[in-house]
Asker: 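My structure is below; once you've seen it, I'll send some questions.
Since this is a predicted model, take the numbers as computed values, not measurements.
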There are 2 protein chains.
Amino acid sequence: MNLPPLVQSFVLHFGEMGSRWGINRTVGQIYALLYVSPEPLNADQIVDSLGISRSNVSMSLRELQAWNLVLLKHLPDDRRDFFTTPDDVWQILRTLAEERKKREVDPTLSVLREILMQQPASDAERHAQERMAEMHGLIERLTTWYDDVKKLETDRLATLLTLGAKVTRLLEAKDKIVSLGRSKRNPDRA
Amino acid sequence: MNLPPLVQSFVLHFGEMGSRWGINRTVGQIYALLYVSPEPLNADQIVDSLGISRSNVSMSLRELQAWNLVLLKHLPDDRRDFFTTPDDVWQILRTLAEERKKREVDPTLSVLREILMQQPASDAERHAQERMAEMHGLIERLTTWYDDVKKLETDRLATLLTLGAKVTRLLEAKDKIVSLGRSKRNPDRA
DNA sequence: TTGTAATTTCAGTAACTACTGAAATAACTG
DNA sequence: CAGTTATTTCAGTAGTTACTGAAATTACAA
């Protein structure tokens, strides 16, 4: 490996974390390298920087493309492929969330739905279905929220984050205002 | 494996997903089994239900305990350990979030902090640090939000989720009210 | 065409992770 | 204390995933 020290620390860390994130070491390292590189890199540059085989780079880039985590660029009069990551970290976050949902959540949701369609044949199955229904309900709530929130533009999303739990206080205020408004127009319903 | 069909589907699915979630097949299966069981199970019952070795069950339960995902119960006049999952799926979600953050996010945050402390020795390092600072900023925002939201009681959290992106509309309303209030008391600052 | 550079595929192997059975340890009982 | 049951540890092995080098394919150029 042949990189400036600070970059190397970052790249090695991403490699180590790779396994915890469900990608492998090489994929993690390549991603980290592309992320901090000022210019797009081609496969041979990655080979030189990380000291791994050309074929490994090829397969790992393919993996990163499957995750939509890298962008393919071309320079004039050069037919090699050059790779980068998006500049905007929020965009990266969105992609990551989307892909992880697709791989880690959606399959479970559909298995749960399938099982819940079936007729339980015993008390054990009946109880199991109840538990699965709870899990299904929670996951659906979370994904509905996610589908909703992911549509927000970045600055709105940022505001939402900054606000955090303070929103609930706002909600109480809103409740009061709304019920006040209602009680004036419609005194019968609380 | 010796389980009612619906339970078996669920257990097998969790086993398959295990690898995507950063746990292994057996751990996933045991968790799924405990989750849908009406009563706590002891190790031998797990062995019988899943058809795996006693030692594998022991190691996997240990893993689940490290994740705080299972509860240990004892029956009167029985010195075997019995295991369950919490009844409340929201509690499970909280634990999961907490543990994943600890394993998947916190280490990166601290590596980023360390690297950002150092003096860049070249343009390449300067640029890399800028990129890392962006990543660090985003992760900090997200974890601050998370720390904030995790304190909410479940029903508040549920409200927040149900509201989703609609909150921003509420925010606009709030902005108007606030700026209106301000402009009355303090006409100079917009 | 033929040649050349870029990239991918893939069989084989290295490295790693999961799992088992046997042995050791721990926790209790009479 | 010796005996019994519950649980853990761990060396060895099975199973899986990651990686390489060589060969094949693709894309273009002369």
Asker: Roughly, in whole Å, what's the span from CG in A:L64 to P in D:dA18?
Answerer: 13 Å
Asker: Less than 4.0 Å between a side-chain N and a carboxylate O, is that true for B:R103 and B:E99?
Answerer: yes
Asker: Can you tell me how far C1' of C:dT17 sits from CD of B:E63, to the nearest Å?
Answerer: 12 Å
Asker: Aromatic contact between A:Y31 and A:W67, with the criterion being ring centroids under 6.0 Å apart: yes or no?
Answerer: no
Asker: What is the distance, rounded to the nearest whole Å, between atom CD1 of B:I23 and atom P of C:dC19?
Answerer: 11 Å
Asker: Is there a residue in residues 31-62 of chain B whose heavy atoms reach under 4.0 Å of DNA chain C, and which residues are they?
Answerer: B:I52, B:S53, B:S55, B:N56, B:M59
Asker: To the nearest Å, how far apart are A:E16 CD and C:dA15 P?
Answerer: 18 Å
Asker: Are the charged groups of A:E134 and A:R131 less than 4.0 angstrom apart, N to O?
Answerer: yes
Asker: Heavy atoms only, 4.0 Å cut-off, all strands: where does A:T26 land among base, sugar-phosphate and nothing?
Answerer: sugar-phosphate
Asker: Using a strict 4.0 Å threshold on nitrogen-to-oxygen distance, state whether B:E104 and A:R100 make a salt bridge.
Answerer: yes
Asker: With the threshold set at under 4.0 Å for non-hydrogen atoms, list the residues of residues 67-85 of chain A touching DNA chain C in residue-number order.
Answerer: A:R79, A:R80, A:D81
Asker: Which heavy atom in B:S49 sits nearest to a heavy atom in B:L33, and how many Å separate them?
Answerer: CB-CD2, 3.7 Å
Asker: Taking atom types as modelled and ignoring hydrogens, do the side chains of A:N68 and A:T95 form a donor-acceptor contact shorter than 3.5 angstrom?
Answerer: no
Asker: For A:Q118, is there any backbone N or O sitting under 3.5 Å from a side-chain donor or acceptor partner on A:Q129?
Answerer: yes
Asker: Would you mind reading off the distance between B:N24 atom CG and C:dA18 atom C1', rounded to a whole angstrom?
Answerer: 6 Å
Asker: If only side-chain N and O atoms count, and only distance matters, is there a donor-acceptor pair under 3.5 Å linking B:R25 with B:S19?
Answerer: no
